[in-house]
Amino acid sequence: MRVVGGPLSDLRDAVAAASGAVTGAGGPRSVSPTLERPKKVGFGDYATNAAMLLAPRAGKPPRDVAGQLAEELEQRLGAALERVEVAGPGFLNLFMSDVWLVAALGHVVAAGDAFGGGTAPSPERVNVEFVSANPTGPMTAAGGRHAAYGDSLARLLEFSGHDVTREYYINDIGGQVRRLGDSISARARGEAVPEGGYEGEYVRELAERIPGAGTDDPAVVAERGVQLLLEQICASMHAIGVDFDVWFSEASLHAGESPAVRRAFEELERRGETYRSEGALWLRTSAHGAPKDDVLERSTGEPSYLASDIAYHLDKRERGFDRLIDVWGADHHGHVARMHAAFDALGGSTGQLELIIMQFVNIIERGERAQMSKRRGDFVTLDDLIEQIGVDAVRFFMLQRSHDTTIDLDLDLAREQSSENPVYYVQYAHARIASILAKAGGSPRVLPALEEAAGFDGALQPAERTLVKKLLAFPDEIAEATEKRAPHRMAVYALELAQTFTAFYRDCQVVGAEGAGRESFRLALSATTKRTIARSLDLLGVSAPDKM
RNA sequence: GCGCCCGUAGCUCAGUGGAUAGAGCGCUCGCCUCCGGAGCGAGAGGUCGCAGGUUCAAAUCCUGCCGGGCGCGCCA
């Protein structure tokens, strides 16, 4: 991902312009040269593969094209460039001057708290629906992954400039809710729960908390049970730092004078997307890419789950969102094609609806996979997990992994390693910087240092150069994490930034550094690093304490 | 049978077209008069599941196979 504006963007423009000059008219628009930070120090500060991409078009060997590009770049970049080398099959390795790096840090300083933010090309109103676990039991540990992911994605979108609504869809009607009511009623009477009911201990507790649970209509008992569980779920979400803007009731789609589900049916009928067969109302989802048609209304007259979902998405669209993002569990992926097809049948524009599938969390305890069956009451709750390893560790752990890989969480290992969790390393670096800045004299000393830093003209140490470059990468990292819906990239970046700072701290004395302007430069470098770590952690929903 | 996700170090996982594939944990060795040792340095550890193919270049893209997870309902 590329962010427009800033030192890296200028560099990219220079490479593009040089490419255009070498290949003549047409320019490099159709090719997309990389500008990456090579792994090896000897390969320069940045490297580009432009010459290798242009070689076929230029009809010359890559290294010849690279040579021409190098000359162009030297002219265009002037003092910013120390030197440029042609390497390997045709890479161009750019060695930037200290002047360029100092100016680059000046850019980071000037950007302030907004550094890396507001880069969305066109701001949108985005609805992110996530977790949406059935209110038939407490929030499980796996729900924590959904919560951390959805919320972090929302934070990234917001920071990028979008207007985000966090939403939780409550499946508060249907068979599962009925079974919950029956289970509570049975427990209240001291009986075993019915076949297929909920056996967890929490059902007994609900039975005690609901007056008349044993005698009242199970439907009413179920409603009360759902209400109590939702309060509990809401509290668990709050505990992990997630506060939803909207709690959307599925039942509400079926209520009122003109229920949303009815209106959705009418809209689909009007569009000729439905038909009757075998006593049921069907939707032509197969005409929109789904494997087969699906039932909207059962032959019993009851609307299907899909019917609710269609009405729900229609409602979201009517609320004026430009983009709908649903985060679903892996067990729902069979529903994806169906939902896309249905949305299409409703006339939704392609790409407006994104369905993201989260893979599972396996909880390993005493070397065995815990079963995590809500129905049997056999699962680890999110509250337990938070109590055992803490909110920051839970969020960081859940967000370190890509959403489309199954993760194994070994509880015993997590407990043992909780003090060695990478999140503490990142937080420690942040606290350490806070301590350094305080020792230097706090803001009365740091604020002027931020001003002076851009005027520093001393020679930079390798660790200083590396740290500046790591900071410069931040806006691209955010854009990448946001656009790829991959908040785990932020976790990886935060860890790398902390490591880079720690190396700088080891090699470079900050407070009392000798040489004109050296201390100011390093204070500015430290202060901007602190800010960037704090921002990275904030985007993950993890705290950045000044003291630990 | 069909579809989706995954297979990378002992373990948990990054890396999805670039140069000699990385991190954390674990293991071995070294470092506590020095801005916070919750730290630092060095080291061992890899057929990137297997086999073909595309490409100047493949862990990354294509095809097939193997292994694991999930799904394929007038359940939600």
Side-chain angles (χ1 to χ4, degrees), chain A residues 34 36 38-40 42-43 47-49 52-53 55-56 61-63 87-91 93 132-134 136 171 173-177 179 196 250 277-282 291-292 294-309 329-338 357-360 362 364 397 400-410 413-414 416-417 419-429 431-440 484 486 488-489 491-493 495-496 499 502-503 505-513 519 522-523 526 547-548:
Chain A
T34 58
E36 55 177 17
K39 294 163 210 147
K40 282 205 71 165
F43 291 160
T48 177
N49 62 355
M52 288 178 284
L53 296 180
R63 290 187 61 104
F91 285 103
N93 294 334
S132 301
N134 288 339
T136 52
N171 301 116
I173 54 167
Q176 303 201 27
V177 171
R179 277 190 288 274
E250 179 183 0
S277 173
E278 300 168 56
L281 181 67
W282 295 74
K292 58 177 212 47
D294 293 282
V295 168
L296 284 178
E297 190 180 68
R298 296 167 201 152
S299 44
T300 60
E302 253 188 302
S304 67
Y305 173 73
L306 179 64
S308 291
D309 245 6
D331 53 342
H332 280 63
H333 83 252
H335 190 51
V336 169
R338 200 174 302 153
I357 297 301
M358 285 275 280
Q359 294 302 319
F360 288 154
N362 293 319
I364 313 290
F397 180 86
Q400 254 187 302
R401 278 78 170 160
S402 157
H403 68 87
D404 59 9
T405 187
T406 308
I407 59 182
D408 288 332
L409 172 55
D410 187 319
L413 211 59
E416 265 175 45
Q417 295 178 353
S419 66
E420 313 224 7
N421 187 303
V423 72
Y424 297 111
Y425 181 91
V426 180
Q427 291 180 322
Y428 185 74
R432 181 183 256 165
I433 299 173
S435 166
I436 291 171
L437 299 182
K439 190 177 179 90
K484 289 193 168 161
H488 75 278
R489 283 166 174 274
V492 173
Y493 175 80
L495 190 57
E496 287 172 356
Q499 283 170 331
T502 302
Y505 167 82
R506 179 190 68 227
D507 295 344
C508 303
Q509 179 72 26
V510 176
V511 181
E519 187 190 70
R522 288 181 177 171
L523 281 173
S526 302
K547 287 191 165 79
M548 293 177 69

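Proteins get letters first, then strands, A, B, ... in listed order; numbering begins at 1 in each.
Comparing G69(B), G39(B), G26(B) against the side chain of T502(A) picks out G39(B) as the nearest. Relative to the side chain of V492(A), the nucleotides G18(B), G36(B), A14(B) differ in distance, and A14(B) lies closest. Distance from the side chain of K292(A) is smallest to G73(B) among U20(B), G36(B), G73(B). Of the candidates C40(B), U16(B), C74(B), C74(B) carries the atom nearest the V295(A) side chain, counting heavy atoms from C-beta on. When distances run from any side-chain atom of M52(A) to the nucleotides G18(B), G39(B), A76(B), the shortest one goes to G18(B). The side chain of E250(A) has A76(B) as its nearest neighbour among C74(B), A76(B), G36(B).
The P atoms of U8(B) and C50(B) are separated by 10 Å, rounded to the nearest whole Å. The same atom, C1', is picked in G49(B) and in C66(B); the two are 7 Å apart, to the nearest Å. Here, G39(B) and U55(B) have their C1' atoms 45 Å apart, quoted to the whole Å.
To the nearest 0.5 Å, atom CG of residue D309(A) and atom CD of residue E250(A) are 7.5 Å apart. Rounding to the nearest 0.5 angstrom, the gap separating the CH2 atom in W282(A) from the CG atom in L296(A) is 10.0 Å. Separating the CD1 atom in I407(A) from the CD1 atom in I364(A) is a distance of 11.0 Å, to the nearest 0.5 Å. The structure places NZ of K547(A) at 8.0 Å from OG of S435(A), a figure rounded to the nearest 0.5 Å.
If you check every strand for non-hydrogen atoms under 4.0 Å, A47(A) touches a base. Here S435(A) lies in heavy-atom contact (under 4.0 Å) with a base. H488(A) comes within 4.0 angstrom of sugar-phosphate atoms only, judged by non-hydrogen atoms across all strands, and of no base. When heavy atoms are screened at a 4.0 angstrom cut-off, A330(A) is found touching the sugar-phosphate backbone but no base atom. In this structure, A87(A) reaches the bases: a heavy-atom distance under 4.0 Å links it to at least one base atom across the strands shown. Residue contacts for I407(A): at a heavy-atom cut-off of 4.0 Å it reaches the sugar-phosphate backbone alone, with no base atom in range. Residue contacts shown for Q509(A) include a base, since a base heavy atom lies under 4.0 Å away. When heavy atoms are screened at a 4.0 angstrom cut-off, P422(A) is found touching the sugar-phosphate backbone but no base atom. Across all strands, E302(A) comes closer than 4.0 Å to no nucleic acid atom at all (heavy-atom distances). At the heavy-atom level, L495(A) lies under 4.0 Å from the strands shown only through sugar-phosphate atoms. Nucleic acid contact for R179(A): none, since no nucleic acid atom lies under 4.0 Å from a heavy atom of the residue. Using a 4.0 Å heavy-atom cutoff across all strands shown, S308(A) reaches no nucleic acid atom at all.
Side-chain atoms of K39(A) and base atoms of U20(B) include no donor and acceptor less than 3.5 Å apart. Side-chain to base pairing of S299(A) with C74(B): one donor and one acceptor N or O lie within less than 3.5 Å of each other. No hydrogens or angles were tested; on distance alone, a donor-acceptor pair under 3.5 Å links the side chain of N49(A) to the base of G18(B). A donor-acceptor contact under 3.5 Å is formed by the side chain of N93(A) with the base of A19(B).
Following rounding to the nearest Å, I364(A) (CD1) and C25(B) (P) show an atom-to-atom distance of 21 Å. When rounded to the nearest whole Å, the span between CG of L53(A) and C1' of G18(B) equals 9 Å. When the C1' atom of C4(B) is taken as reference, atom CZ of R338(A) falls 13 Å away, rounded to whole Å. H403(A) places its NE2 atom 16 Å from the C1' atom of C70(B), with the value rounded to the nearest Å. For N421(A) and G26(B), the CG to P distance is 12 Å, given to the nearest whole Å. What separates CD1 of I173(A) from C1' of C75(B) is a distance of 13 Å, to the nearest Å. As a whole-Å value, the separation of D404(A) CG from U16(B) P is 12 Å. The nearest whole Å value for the distance from the CG atom in D331(A) to the C1' atom in G3(B) is 16 Å.
Both stacking criteria are satisfied for F91(A) over the base of A19(B): a centre-to-centre distance under 5.5 angstrom and an angle between ring planes under 30 degrees. In this structure, Y425(A) does not pack face-to-face on the six-membered ring of A38(B), missing the 5.5 Å centre cutoff or the 30° plane limit.
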Could you go through the side chain to side chain contact (heavy atoms under 4.5 Å, CB included) check for V510(A) and Y505(A) one step at a time?
CA-CA 8 Å; V510(A) 176; Y505(A) 167 82; 5.8 Å; no
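Side-chain contact between N171(A) and Q176(A) is absent, with no heavy atoms from C-beta onward closer than 4.5 Å.
The two residues I357(A) and G329(A) have their closest heavy-atom pair at CD1-O, 4.0 Å.
The phosphate of A76(B) has OP1 or OP2 within less than 4.0 Å of a side-chain N or O from R298(A). Between R401(A) and A23(B) there is no side-chain N or O to OP1 or OP2 distance below 4.0 Å. Between Y424(A) and A38(B) there is no side-chain polar atom (N or O) within less than 4.0 angstrom of OP1 or OP2. The side chain of H335(A) contributes no N or O atom lying less than 4.0 Å from OP1 or OP2 of G73(B). One finds a side-chain N or O of Q499(A) lying less than 4.0 angstrom from the OP1 or OP2 phosphate oxygen of G24(B). For G41(B), one of the phosphate oxygens OP1 or OP2 lies less than 4.0 angstrom from a side-chain nitrogen or oxygen of R506(A). At least one side-chain nitrogen or oxygen of Y505(A) sits closer than 4.0 Å to the OP1 or OP2 atom of G37(B).
Glycosidic conformation of C32(B): syn, with the torsion inside 90° of 0.
Look at A23(B): its Watson-Crick or wobble partner, with both distances under 3.5 angstrom, is U12(B).
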